[in-house]
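These notes concern the structure reproduced below.
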Amino acid sequence: MTATTALLILGAAALDVLANLLLKRSDGLTRPAYFVGAVLTVLAALSLIGLAARDLPVAVAYALWGGLGIVTTALLSRHIDGARLTPTGWAGLALILGSLAVLSLTP
């Protein structure tokens, strides 16, 4: 994976996390501006993944994007909203991180 591809995936993951946070702030879609922001942010993230897929198989690019987004959203939710993970949840995040480490080795 090239440095550019890694940056595209990291950027897509960051946008995905932002979209998740905006969706939470939409308060069940009762605050439409946050919902529209979430949708637009996801579209931007998909655009970056589309660019990353020029260098990586789309399944690998998508898995890296999704995994990074899940782990980061879970950790930020803990700090921003006080969300708590059970030991099983922490084990799941560890498995995701391990999977991401293996996937990042994809040529």
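All values derive from a computational prediction rather than experimental measurement.
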Item checked: Closest non-hydrogen atom pair between Gly69 and Val17, with its separation -> O-CG2, 3.8 Å
Item checked: Heavy-atom side-chain contact between Ile9 and Leu56 under 4.5 Å -> yes
Check: Of all heavy-atom pairs between Ala52 and Ala61, which one has the smallest distance, and what is that distance?
Finding: CB-CB, 4.5 Å
Next item on the list: Treating Ile, Leu, Val, Met, Phe, Trp and Tyr as nodes and any side-chain heavy-atom pair under 4.5 angstrom as an edge, say whether Leu76 and Leu22 lie in one connected cluster.
Entry: no
Check: Do Leu85 and Arg78 come within less than 4.5 Å of each other through their side chains, counting heavy atoms only?
Finding: no
Note to self: Any side-chain to backbone donor/acceptor pair from Ser26 onto Leu23? Under 3.5 Å, distance only.
What the structure shows: yes
Checklist line | Side chain to side chain, Asp16 and Trp65, heavy atoms closer than 4.5 Å | finding: yes
Check: With sequence neighbours left out, what residues match Thr73 under side-chain hydrogen bond (donor to acceptor under 3.5 Å, both in side chains)?
Finding: Asn20
Next item on the list: Following the transitive rule for hydrophobic clusters with a side-chain heavy-atom cut-off under 4.5 Å over Ile, Leu, Val, Met, Phe, Trp and Tyr, establish whether Leu103 and Val71 coincide in one cluster.
Entry: yes
Item checked: OG1 on Thr72 to CG on Leu21, rounded to 0.5 Å -> 10.0 Å
Notebook entry, point to check: When hydrophobic residues are tied together by side-chain contacts of less than 4.5 Å, even through go-betweens, does Leu40 share a cluster with Leu15?
Noted result: no
Check: Looking only at heavy atoms, what is the nearest atom pair of Ala12 and Leu48, with distance?
Finding: N-CD1, 3.5 Å
Notebook entry, point to check: When hydrophobic residues are tied together by side-chain contacts of less than 4.5 Å, even through go-betweens, does Leu29 share a cluster with Val39?
Noted result: yes
Next item on the list: List the atom of Thr41, the atom of Gly37, and the distance in Å for their closest heavy-atom pair.
Entry: OG1-O, 2.6 Å
Notebook entry, point to check: Arg25 and Arg31: which non-hydrogen atoms are nearest, and at how many Å?
Noted result: O-NH1, 3.2 Å
Item checked: Sub-4.5 Å side-chain heavy-atom contact between Leu64 and Leu100 -> yes
Notebook entry, point to check: Mind checking whether Leu68 and Leu51 sit in one hydrophobic cluster, side chains of I, L, V, M, F, W, Y counted as touching below 4.5 Å?
Noted result: no
